[in-house]
Student: 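Structure provided below as C-alpha cells; questions to follow.
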Number of protein chains: 2
Amino acid sequence: MGTTARDIARHVGLSVTTVSRALNDHSDVAPATKAKIRAVANQLNYHPNAAARTLKINRANALGLDIPLGLHRSYDTIWLEFIGGMAASCARHGVDLLLSATDDTERTPASFERLVRGRRVDGVVVCDIRSDDSRVNWLLESDIPFVAFGRTVGQDDYCYVDVDGAAGAQEAVQYLIRLGHTRIAYLGLDATFGFSHFRRAGYHEALHSIRAHDPELEFEGLTEETAPAVARSVLSCPNRPTAVLASADFLALAVIRAAREAGLSVPTDLSVIVFDDNPSVQREDPPLTAVSQPNRRLGEEAGELLLDRLNRPEQGPGHRLIAPSLIIRSSTGPRPRNMESEGTTATVA
Amino acid sequence: MGTTARDIARHVGLSVTTVSRALNDHSDVAPATKAKIRAVANQLNYHPNAAARTLKINRANALGLDIPLGLHRSYDTIWLEFIGGMAASCARHGVDLLLSATDDTERTPASFERLVRGRRVDGVVVCDIRSDDSRVNWLLESDIPFVAFGRTVGQDDYCYVDVDGAAGAQEAVQYLIRLGHTRIAYLGLDATFGFSHFRRAGYHEALHSIRAHDPELEFEGLTEETAPAVARSVLSCPNRPTAVLASADFLALAVIRAAREAGLSVPTDLSVIVFDDNPSVQREDPPLTAVSQPNRRLGEEAGELLLDRLNRPEQGPGHRLIAPSLIIRSSTGPRPRNMESEGTTATVA
DNA sequence: TTGTACGCGTTATCAA
DNA sequence: TTGATAACGCGTACAA
C-alpha cells in the first residue's frame, strides 16, 4: 500500500536514517546520495506519513478553522472568501486546514480542546466573535493557541484580526458630509455582533465632529422582519434624513424599497451607503456605494498571524486591524437642495 | 502539557493497556475499573493523541474536501452550504474534515495524493466535476477512495453524488407547457460544466415530447459579458419565446432586464424560470420561479457515501442522484393570449 | 558521511 | 479481568 522510508532505504541500500535526512534536506548527506534517494522516493511515489511525523516532532502542521454556519448571514460571501484566504495562507506554508463548522447556536468550544490536545491541529482561528464572547477567555485559560476573527469590546490581550469598522463608518459618513448631508441615519444589526459597536462608534464620531448627531436617526437591533417598517417610519418622519448608512445589505434594500414607496428616488432624494460589498448590492438598481472589507485578505492574515505566533510565541498578542474601503457607486449624491437643514448645520466644503 | 494514557495509568495504578481498553469501551474490562478510568480521564482532561492512534490503526478518521474557489461562481451560496452539509455528516460520525481549497485553474490533484498516502485523510470528496474531467480516472487509477460531487458524461464506474439536472429541467419545462407555453428558450452556461449536459438533455426531452423543440431558441456557453446581448436578441426575434429557462441567476436577470427594455413585463408577457435558488433570485422583483437544489443535503450525502464506502469497500461504486424541486414564485404565468403559436403546437391541458 | 538505537502515544497479541 | 511486549513510521542523539 503506502511506501515508507524503509522501502526507499531497502531500494537504495542505505539506512532509514539517511533517507530521512536526505528527504529533509539535511546538510550532512552526500549530494549524490541525496539525489539518488530523492529520485527513488519520487519513483516509488513516496509521501511521508503525517501521523508518524506529528507523533515524533509533536507538531500537527495543521490549523483549525471554526466557521459559524446555520447563521442567518450564511449566504453572505464573507465566509467563503475568508475560508479561501486562510486556505491560501495555509497552502503557502505547507500546513493543512481543518474545518470545524459549528452550526449550533451554543458556542461550544469543546471540540477545540479535542483538536488541539489531540494534536490534530497546532492552533485555531475562531470566527464570529461577539461583543462579549466567552470563548475568548475560555481559549486563553485553556492555553490553546488561537487567533480571533473579530474582537470583543474592551479586551485586548489576545490575537485577533479584524476590520476597522469604526474607520469604515467614519469614512462613509465623512463622504456624505462632504456631499452636504447632515441628517444621516444609521441602521444597525444586533448589538451582540462584534462589529456593531465599532461601526456605530465611527458613525458617532464623524457626526459629533460637525455637531450633527441626532439619536432619533439611530437604530440598532434590526432584523429582516423589522427592517421594512423601520425604514418606512424613518423616511416619513417630519425632518427626514437625506442619507442612510446601513449595516447590512438587506437593511439598505429595505430602505430603498421604502424610498420608492414614498416616491423618493435614490440618490436624488436620498443617499444610501451599505456595509459589505455583496453581489446583491452591486447588482441593485442603482448599484450601491459600499464599505467593502477584504474578506479574503482577512482570512489570509488570520492564518499568517496564527502561524507566526505558533513559531514565535514570545511575541505575545498581536492584532491586525484592516481598513475597509469606500467604493463609490450610484446610490450617493449631493444633499437635495430643497431639504431644510436643521439649526446646527455645520459649514462644509 | 498534554495528558497521555500513561498519566491515567499511573493515576489509577493500572497498565496503559487496561486504560486503552477501558476508554475504547472493550468488553473485557471490569465495569468498576472502566468507570474509575473514565472518571480520571475526565478529571485529567484527557484527549487521545490522534497522530498516535492514526499511526497504530492506520486510519486517519478524517475526510478531505476539495472545493473550487476563485471560480466565477464562488459567490454562489452552493459551496458554503455544501461544506456545511459535509461538515455535519463528518461531525455526526466523529471524523474530521480537511479542506483543500484549490484556486488555481489547473486541476492538480497532486495534493490528494499527499493527503491520502500521508494518512491525513481516509478519502476525499472532489467537487466541480466537469463533463470530461481527467481527475476521475486519475483518482481511480491512484486507488484513492473518493466521491465526486457532480459527474462526467458517459462514465459511471465511480462514486458520485449529483443533482438530477435533467429531471429538474424537465419538470420546469413541463410546468411551462402546462401553462400553455410552447416557445421556450434555454440559456445555458459553458458546456464544460458537468450540469450543462444534463439540464439541456432534460429541456430537450420535455420539448420533444410535444414536438416543440426549436434549436434557434437554445443557447449555451453564455457568460456575464455575452448574456445581455443574447437576451436582447432572443426577445426581439420575429417569433419570440414566451418563456425562458435560464441556467444561472445572472442569465435570468439579463433576460428580465432585456424584457424591461423591450417593454415586456414578467410574467405577463414572458415567463422566466431559473436554476439555483440563490438569494438574488428570491429578492428579484418579481421573485423568480426557481429550480432549487438542496446543496446542504448534497454535502451530507457526499460525506455519508464516502464514509460508507470506506467502511464497506466491497459495495463498489454507488450513486446518489438527488431531485431538485421547482419553487413556483411570481415570474411564471400563462402564455400570453395574443402570441401566435407556431404550426406544430401540441394540444396541452 | 552513514548507521544504530531509541522513543513519540496508541492499540493488538498473547500470556497470566 | 489484567499486564507485558511489540509495533505503527518517522526523526534524532550518538557512535562509527
Side-chain angles (χ1 to χ4, degrees), chain A residues 1-38 40-41 44-62 94 96 114-122, chain B residues 1-38 40-41 44-62 94 96 114-122:
Chain A
M1 212 36 190
T3 315
T4 74
R6 200 189 162 110
D7 298 328
I8 301 178
R10 267 199 286 264
H11 235 254
V12 296
L14 290 169
S15 73
V16 264
T17 310
T18 308
V19 170
S20 170
R21 279 186 300 219
L23 294 175
N24 288 329
D25 205 23
H26 285 213
S27 55
D28 57 356
V29 180
T33 0
K34 224 182 234 179
K36 177 155 200 175
I37 287 174
R38 283 195 180 139
V40 174
L44 295 184
N45 197 15
Y46 171 76
H47 295 267
N49 185 311
R53 188 168 226 273
T54 296
L55 184 58
K56 184 64 193 165
I57 69 179
N58 210 25
R59 277 195 35 167
N61 273 314
D96 291 321
R114 185 181 63 82
L115 290 175
V116 177
R117 304 260 182 264
R119 290 268 158 229
R120 295 208 88 115
V121 301
D122 300 313
Chain B
M1 211 37 188
T3 313
T4 74
R6 201 191 161 109
D7 298 328
I8 301 177
R10 266 199 289 262
H11 235 255
V12 295
L14 291 169
S15 72
V16 265
T17 309
T18 308
V19 170
S20 171
R21 279 189 299 223
L23 295 175
N24 288 328
D25 205 24
H26 285 213
S27 56
D28 57 355
V29 180
T33 4
K34 226 181 233 183
K36 177 156 200 180
I37 288 175
R38 284 197 180 138
V40 174
L44 295 184
N45 196 16
Y46 171 76
H47 295 266
N49 185 311
R53 187 168 228 272
T54 296
L55 183 58
K56 184 62 192 163
I57 70 178
N58 210 26
R59 278 195 34 169
N61 272 315
D96 291 320
R114 185 181 62 82
L115 291 174
V116 176
R117 305 260 181 264
R119 290 270 158 227
R120 295 209 89 116
V121 301
D122 301 313

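Quick caveat, the model's predicted, so the values are computed rather than measured.
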Student: Among residues at least two apart in sequence or on other chains, which ones pass salt bridge (Lys or Arg N to Asp or Glu O under 4.0 Å) with A/Arg10?
Tutor: A/Asp7
Student: Heavy atoms only, 4.0 Å cut-off, all strands: where does B/Thr54 land among base, sugar-phosphate and nothing?
Tutor: nothing
Student: So, B/Thr3 side chain and B/Leu44 main chain: donor-acceptor pair closer than 3.5 Å or not?
Tutor: yes
Student: Less than 4.0 Å between a side-chain N and a carboxylate O, is that true for A/Asp25 and A/Arg38?
Tutor: yes
Student: Is there side-chain contact between A/Lys36 and A/Leu14, with heavy atoms separated by less than 4.5 Å?
Tutor: no
Student: Give the B/S/- string for nucleotides 8-14 of chain C, one per nucleotide from 5' to 3', where a protein heavy atom under 4.0 Å of the base yields B, of only the sugar-phosphate yields S, and otherwise -.
Tutor: BBBBBBB
Student: Within less than 4.0 Å of OP1 or OP2 of C/dT2, is there a side-chain N or O belonging to A/Ser15?
Tutor: no
Student: Roughly how far apart are B/Leu23 CG and B/Lys34 NZ, rounded to 0.5 Å?
Tutor: 10.0 Å
